[in-house]
Amino acid sequence: CEYPTLALVSKQLRSLVTSPEIYMRRSFLGVTEPCFYVLLYDEESGNNRWYFIHPKANGNHCLVLIQSLPAMNLAANFLAVDSRIYVFGGRDDHTKYRAVCINSSFHTVEHLWSMPMPMSHAIADIIDGKIYLIGDYYDMYMHNIFKSFVYEPNKNNWKKEEMLNSNKTCDPKQMYWGEVKGLGLQELVPNKRPHWIDTVSYSGKLALFCSYEISLERRQEGEIWGKVEWSDEVPVADNLKMGRFLAVMV
């Protein structure tokens with residue numbers, strides 16, 4: 001969406017673009033679209049900064065640095081939920097308890113209630129509107145303790161989640177690997193460095209940074225078929241290295 005370009009036309013359009021009402025109306029009408037965010041490590045500055053992939057009018061794409069967002073700790077856990085990116089924890093004393101929320105519509109940061117305890121190697125996901133965080137905690141005696149908590153965005157509070165601390169088994173009906181038909185990924189990205197290949201899924205589609213958007217379809221025979229929606233070599237400076245790749249809906 002070319003909202004930043006439209007905002008240059010007139011003050012009326014500028015005030016409309018910066019208003020939350022336009023995003024609320026888009027969400028209500030179900031006309032949201034994915035926007036891809038990339039956290040890249042800059043070898044020159046030593047910082048991890050957010051970029052988004054911007055579609056140009058000619059169909060190509062480019063990376064745009066988000067100046068308003070601060071540097072991030074790559075040891076944190078990042079979770080995209082609708083139009084927001086949640087960031088939990090970090091490695092140093094300033095970030096290991098921290099929980100923040102990035103509003104991708106306006107590129108602002110909201111500080112949330114701090115995590116009950118610092119966790120490393122954390123994994124987060126959302127179920128029924130609640131964010132579940134699972135990870136390792138080291139006490140004062142350096143004992144490794146497995147902990148899990150649940151965060152409720154609407155209430156901005158944390159609760160201990162005992163159910164996830166116990167051993168559980170998963171018995172899905174089908175558990176196997178199958179080939180995605182219609183695609184030859186080795187031919188699609190033959191020259192990419194392995195550490196630059198990252199994927200994110202959204203709305204039944206799969207995006208590969210930094211070249212392709214692929215739609216997936218399950219056919220009657222049970223086979224998964226893929227179709228390349230767009231392909232483009234997004235230029236990346238040599239001093240930037242892959243950190244995280246996320247898709248948000250705006």
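Just so you know, residue 1 is the first one in the sequence shown, and it goes up from there.
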Holding to side chain to side chain donor-acceptor pair (under 3.5 Å), I want the full list of residues that pass it with [X], two or more places apart in sequence or in another chain.
X      : value
Asn156 : Tyr151
Asp125 : none
Asn73  : Asp92, Thr95

ask   = Are Trp158 and Val81 connected in the hydrophobic side-chain network, where two residues link if heavy atoms are under 4.5 Å apart?
value =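 Yes; tracing contacts between hydrophobic side chains, which count when under 4.5 Å, links both residues.
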
query = Any chain of hydrophobic side-chain contacts (each under 4.5 Å) joining Val38 to Tyr41?
reply =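 Val38 and Tyr41: separate clusters.
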
query = Can you name the residues that form a side-chain contact (heavy atoms from CB on, under 4.5 Å) with Val64, not counting sequence neighbours?
reply =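 If we apply the side-chain contact (heavy atoms from CB on, under 4.5 Å) test to Val64, skipping adjacent residues, the hits are Phe52, His54, Cys62.
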
side-chain contact (heavy atoms from CB on, under 4.5 Å) partners of Ala76, counting only residues at least two apart =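 For Ala76 the side-chain contact (heavy atoms from CB on, under 4.5 Å) partners, ignoring immediate neighbours, are Phe78, Val87.
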
ask   = Taking only residues two or more places apart in sequence or in another chain, which ones pass ring pair (Phe, Tyr, Trp, His ring centres under 6.0 Å) with Tyr51?
value =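 Residues passing ring pair (Phe, Tyr, Trp, His ring centres under 6.0 Å) with Tyr51: none at all.
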
ask   = With Tyr37, which residues qualify under ring pair (Phe, Tyr, Trp, His ring centres under 6.0 Å), at least two apart?
value =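 Checked Tyr37 against ring pair (Phe, Tyr, Trp, His ring centres under 6.0 Å); matches are His107.
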
[X] side chain vs [Y] backbone, donor-acceptor pair below 3.5 Å:
X      : Y     : value
Arg244 : Leu74 : yes
Ser104 : Ser83 : yes
Arg49  : Leu69 : yes

query = Picking from Asn48, Asn47, Asn239, what satisfies side chain to side chain donor-acceptor pair (under 3.5 Å) with Asp42?
reply =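 Option passing the side chain to side chain donor-acceptor pair (under 3.5 Å) with Asp42: Asn239.
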
request  = Could you note down all residue pairs passing side-chain hydrogen bond (donor to acceptor under 3.5 Å, both in side chains) where residues 61-70 supplies at least one of them, sequence neighbours left out?
outcome  =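 Matches after skipping sequence neighbours: His61-Asp232.
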
task = Identify, with sequence neighbours excluded, every residue that meets salt bridge (charged side-chain N to carboxylate O under 4.0 Å, His left out) alongside Glu152.
result =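 Testing Glu152 for salt bridge (charged side-chain N to carboxylate O under 4.0 Å, His left out), a comparison that skips the adjacent residues, returns Lys155, Lys159.
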
key: Between Tyr97 and Trp113, ring centroids under 6.0 Å   =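 Judged by ring-centre distance (under 6.0 Å), Tyr97 and Trp113 do not meet the cut-off.
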
